[in-house]
> 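Take a look at the following structure, please.
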Protein chains: 2
Amino acid sequence: MDYSRLAKVLSSNGFSLTQARKRVFGALVDQEGISMNELICELSGTVDRVSVYRNVTLFEKLGILQRISNGFKYKVELSDSFSSHHHHLSCSQCGQIINIKADQLEGAIKQLGKDHGFVISGHQVEIHGSCAQCALKGKEVG
Amino acid sequence: MDYSRLAKVLSSNGFSLTQARKRVFGALVDQEGISMNELICELSGTVDRVSVYRNVTLFEKLGILQRISNGFKYKVELSDSFSSHHHHLSCSQCGQIINIKADQLEGAIKQLGKDHGFVISGHQVEIHGSCAQCALKGKEVG
DNA sequence: TTTCTTGCAAACGTTTTGCAAGGTA
DNA sequence: TACCTTGCAAAACGTTTGCAAGAAA
């Protein structure tokens with residue numbers, strides 16, 4: 001596991017690269033968004049629940065991770081600088097989250113900011129419905 | 001206050017139009033999204049906290065209201081059938097939520113669904129940043 | 001060594017559940 | 001009347017805080 005970029009962001013802000021932080025980071029690499037609870041469970045035995053919360057908060061402040069809305073709960077995932085910018089299609093039947101690119105959407109959002117004199121610092125698009133497979137199943141049953 | 005549409009949705013699903021439901025609904029009419037806590041406070045003395053939760057859950061299931069993400073908390077507002085479809089620009093400085101129309105965005109979202117064989121049942125766009133006034137203030141200070 | 005971090009325990013705010021009393025059709 | 005809803009009390013979560021012991025620079 002390569003922690004060099006993580007270490008850089010941390011140290012340049014006066015924080016140190018600790019075991020707990022490596023583990024929290026490691027649990028998020030190559031992973032779609034996961035819930036706080038899943039993250040805590042995955043790290044249980046190695047990192048205390050409280051430290052997970054503290055480091056998630058810190059990582060968010062440093063732009064290392066972001067929280068994504070999932071219904072009225074949230075999940076966390078590495079932010080755009082550590083993965084790549086994308087949006088999510090959440091299937092409400094199988095729970096799957098599909099990552100997608102959406103250039104047209106990005107354009108529309110930027111334009112909205114301009115139209116309203118609003119300086120956009122970030123955005124999130126939450127699209128829910130049925131994925132291709134579940135939509136098919138639904139038809140078979142109905 | 002006109003409860004006819006509310007009454008219709010409720011009764012056609014086998015639920016009754018009660019005092020508590022009228023009050024919860026009334027607190028949401030002509031109102032931008034408010035937090036659960038604000039809603040509970042506003043109704044305090046007339047509707048118990050527990051009934052507010054129960055009716056918000058029911059209203060959401062019946063499509064009367066929707067929860068909107070606001071950072072990693074959420075707010076509630078009447079859904080599109082009881083108000084009109086729109087999105088939100090949340091100012092992270094003054095906390096203001098600006099309702100906007102965004103036809104181009106709607107188009108881009110529909111297209112995404114098509115591209116991925118995803119049957120969209122709903123969507124939410126969360127755009128955060130600084131509103132025109134706060135952006136100006138920021139410049140003056142900096 | 002000095003400062004930053006962690007784990008534990010316990011507080012806190014939010015949301016849910018069980019149950020008897022009250023309201024609705 | 002018969003069933004649905006409410007309010008209360010209390011449990012169950014998710015998240016945060018205080019503090020002493022342990023790790024990082």
> Any idea which of dA24(D), dT16(D), dC4(D) is nearest the Ser16(B) side chain?
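Closest nucleotide among those given: dC4(D).
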> Tell me which of Asn37(B) and Arg54(B) sits closer to the 5' end of DNA chain C, going by the nucleotide each one is nearest to.
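It is Asn37(B) whose nearest nucleotide is closer to the 5' end.
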> Measure from the side-chain heavy atoms of Met36(B) and tell me the nearest of dT15(C), dT17(C), dG7(C).
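Side chain of Met36(B) sits closest to dT15(C).
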> Just compare dG18(C), dA25(C), dC8(C) and give me whichever is closest to any side-chain atom of Leu17(B).
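Per side-chain heavy atoms of Leu17(B), the pick is dA25(C).
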> Given atom CG of Leu10(B) and atom P of dT6(D), what is their separation to the nearest angstrom?
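These atoms are roughly 10 Å apart.
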> Report yes or no: does Arg5(B) contribute a side-chain atom to a donor-acceptor pair with the main-chain N or O of Ser81(B) at less than 3.5 Å?
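Side chain of Arg5(B) to backbone of Ser81(B), a donor-acceptor pair under 3.5 Å: yes, one is there.
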> Would a distance-only check, ignoring hydrogens and angles, find a side-chain to backbone donor-acceptor pair under 3.5 Å from Ser79(A) to Gln66(A)?
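Answer holds: no.
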> What residues form a side chain to side chain contact (heavy atoms under 4.5 Å, CB included) with Ser11(A), not counting sequence neighbours?
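Result, side chain to side chain contact (heavy atoms under 4.5 Å, CB included) vs Ser11(A): none returned.
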> Regarding His85(B) and Glu106(B), do their side chains bring together a donor and an acceptor under 3.5 Å, going by distance alone?
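Their side chains do contain a donor-acceptor pair, which is all the 3.5 Å distance test asks for.
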> Would a single hydrophobic cluster contain both Leu78(B) and Val125(B), if residues Ile, Leu, Val, Met, Phe, Trp and Tyr are joined by side-chain heavy-atom contacts under 4.5 Å?
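No; Leu78(B) is not reachable from Val125(B) via cluster members.
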> Go through the N and O atoms of the side chain of Arg49(B) and the base of dG13(C), and report whether any donor-acceptor pair is under 3.5 Å.
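No such pair is found, so the answer is no.
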> Does Thr18(B) have a side-chain nitrogen or oxygen under 4.0 Å from the phosphate oxygens OP1 or OP2 of dT6(D)?
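Result: yes.
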> Is Ser51(A) near enough to dG7(C) that one of its side-chain N or O atoms lies under 4.0 angstrom from OP1 or OP2?
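True: Ser51(A) side-chain N/O within range (under 4.0 Å) of dG7(C) OP1/OP2.
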> Rounding to an integer number of Å, can you tell me how far Tyr74(B) OH sits from dT15(D) P?
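The distance from OH of Tyr74(B) to P of dT15(D) comes to 13 Å, rounded to the nearest Å.
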> Between Phe59(B) (CZ) and dT5(D) (C1'), how many Å, whole number?
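Rounding to the nearest Å, CZ of Phe59(B) and C1' of dT5(D) are 12 Å apart.
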> The helix from dT1(C)-dA25(D) to dA25(C)-dT1(D): angle between its terminal axes, five pairs each, to 10°?
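Taking five pairs per end, the axes differ by 40°.
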> dG7(D) C1' sits how many Å from Arg23(B) CZ, rounded?
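One finds 13 Å between C1' of dG7(D) and CZ of Arg23(B), rounded.
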> In whole angstrom, what separates Lys73(A)'s NZ from dG14(D)'s P?
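After rounding, the gap between these two atoms is 7 Å.
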> On DNA chain C, check which nucleotide each of Ile40(B) and Gln19(B) is closest to and give me the residue with the more 5' one.
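Comparing both residues, the 5'-ward one is Ile40(B).
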> Just the rounded figure in Å: distance from C1' of dT14(C) to CD of Glu38(B).
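Going from CD in Glu38(B) over to C1' in dT14(C) covers 15 Å.
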> Under 3.5 Å, is there a donor-acceptor pair linking the side chains of Ser35(A) and Asn37(A)?
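Result is no, nothing qualifies.
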> Just to be sure I understand the rule, does Ser35(B) reach a base, reach only the sugar-phosphate, or reach nothing, if contact means heavy atoms closer than 4.0 Å?
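The residue Ser35(B) makes no contact with any strand.
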> Please determine whether a side-chain nitrogen or oxygen atom of Tyr53(A) lies at a distance below 4.0 Å from atom OP1 or OP2 of dT16(D).
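No, because none of the side-chain N or O atoms of Tyr53(A) sits under 4.0 Å from OP1 or OP2 of dT16(D).
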> Could you tell me how far apart Lys61(A) (NZ) and dT16(D) (C1') are, to the nearest whole angstrom?
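That distance rounds to 13 Å.
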> Below 30° counts as parallel, above 60° as perpendicular, anything between as tilted: where do the rings of His123(A) and His87(A) land?
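Correct class here is tilted.
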> Arg67(B) and salt bridge (charged side-chain N to carboxylate O under 4.0 Å, His left out): which single residue from Glu77(B), Glu60(B), Glu126(B) fits?
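Testing each of Glu77(B), Glu60(B), Glu126(B) against Arg67(B), the sole residue satisfying salt bridge (charged side-chain N to carboxylate O under 4.0 Å, His left out) is Glu60(B).
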> Which nucleotide in the set dT16(D), dA9(D), dT6(D) lies at the smallest distance from any side-chain heavy atom of Asn55(B)?
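Of dT16(D), dA9(D), dT6(D), dT6(D) is nearest to the side chain of Asn55(B).
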> Arg21(A) near the nucleic acid: base, sugar-phosphate alone, or nothing, with a heavy-atom cut-off under 4.0 Å?
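It contacts sugar-phosphate atoms only.
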> How many Å lie between CG on Asp48(B) and P on dA20(C), as a whole number?
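Rounded to whole Å, this separation is 18 Å.
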